[in-house]
Amino acid sequence: TKGLKFKLDFRLCDFKYVLMLVKFGFLPMIALLLTMLNSRVDILMLNMYESVSKAQIGIYSVGVGLAEKVLLIPDAIREILLGKLVAGKQEVEVARACRMGTAISFVISACIVLFGKFAIAFLYGDDYAGAYSITLISSIGTIFMVYIKMISQNNIVHKKQKTNALLLVISVTVNIIGNIILIPQIGIVGAAIATLMGHFACGLCFIVYFVKTEKIHPRKLILIQRDDLRHIKKFIKK
């Protein structure tokens, strides 16, 4: 800024446009915070119970952190999807992103199931062996996050931010109730199950909402289509 010799002149600011951006961005911000809360409320609640030690919370965090790697590629797909939606693409692209993201998440989850135990032992040591069960449970719940991420992008582009916030509130509520019931019973495993329940409830709500509003068959959100395979072949050839 100094190199460009820029001088701030508030007379050049369009405050009506700034206000419009703030109004538009407020609910997406709330939705983002709810998404983060849905993934972290379990750790916050584990700290509330004296029966759960700090060591157990550390083990839990390692397990959840490894499970979150399932979303690395789907997150990249989500960013590509946003560009296509802004360019005018329709619900067909959202459905394709959901299908591809789900398939990739299943593959990565399978790899975590096969190699996760070894990876945890290699990276963290035998003291963290208990994190493997948390990873298994959490990775299942993480798959449902694909639908939340893809469909919420479509809702933002079509100015349906309130819908995102409402559906995420349902997810957080289910998660909190599940934690209250399960943590005293089975500790960190209960927290992982509660988060799985929250992700499942939210993912299901997003799917039902998208299917009803866009009049699309649920299998087009879940199962790989022949057209997808053709796209993959073209990509590999390139």
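These numbers were taken from a predicted model, which means no experiment stands behind them.
When atom types are taken as modelled, the side chain of Thr135 and the backbone of Leu66 share no donor-acceptor pair closer than 3.5 angstrom. Listed for the His217 side chain is a donor-acceptor partner under 3.5 Å among the backbone atoms of Arg219. Not a single donor-acceptor pair under 3.5 Å links the side chain of Lys220 to the backbone N or O of Ile216. Looking only at distances, a side-chain donor or acceptor of Asn179 sits under 3.5 Å from a matching main-chain atom of Asn175.
The side-chain heavy atoms of Cys202 and Leu168, taken from C-beta on, include a pair separated by under 4.5 Å. A heavy-atom distance below 4.5 Å is not found between the side chains of Phe210 and Met150. Residues Met100 and Ile73 have side chains not in contact (no heavy-atom distance under 4.5 Å, counting atoms from C-beta outward). Residues Leu21 and Tyr17 form a side-chain contact, since some pair of their non-hydrogen atoms from C-beta on lies under 4.5 Å apart. Leu221 is listed as a side-chain neighbour of Val211, based on a closest heavy-atom distance under 4.5 Å. Using a 4.5 Å cut-off on side-chain heavy atoms (C-beta onward), Lys149 and Leu71 make contact. For the pair Met197/Leu182, a side-chain contact is recorded, criterion being any heavy-atom separation below 4.5 Å from C-beta on.
No side-chain donor-acceptor contact under 3.5 Å links Ser152 and Asn164. A donor-acceptor pair shorter than 3.5 Å cannot be found between the side chains of Asn155 and Lys162.
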Intermediate values then yes/no, salt bridge (Lys or Arg N to Asp or Glu O under 4.0 Å), Glu93 and Arg99: CA-CA 10 Å; Glu93 290 295 335; Arg99 294 194 301 267; over 6 Å; no

Stepwise side-chain contact (heavy atoms from CB on, under 4.5 Å) check, Lys69 with Thr142: CA-CA 9 Å; Lys69 300 300 184 289; Thr142 302; over 6 Å; no

Donor-acceptor pairs under 3.5 Å, side chain of residues 104-132 to any protein atom, not counting sequence neighbours: which ones?
| unit_1 | atom_1 | unit_2 | atom_2 | d |
| --- | --- | --- | --- | --- |
| Ser105 | OG | Gly101 | O | 2.7 |
| Ser109 | OG | Ser105 | O | 2.8 |
| Tyr132 | OH | Val113 | O | 2.6 |

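If you look at Phe206 and Tyr147, their ring centroids are not closer than 6.0 Å.
The number of heavy-atom neighbours closer than 6.0 Å to OH of Tyr209, taken from other residues, nucleotides and ligands shown, is above 12.
The side-chain contact (heavy atoms from CB on, under 4.5 Å) test with Ile176 singles out one residue from Leu37, Val41, Ile181, and that residue is Val41.
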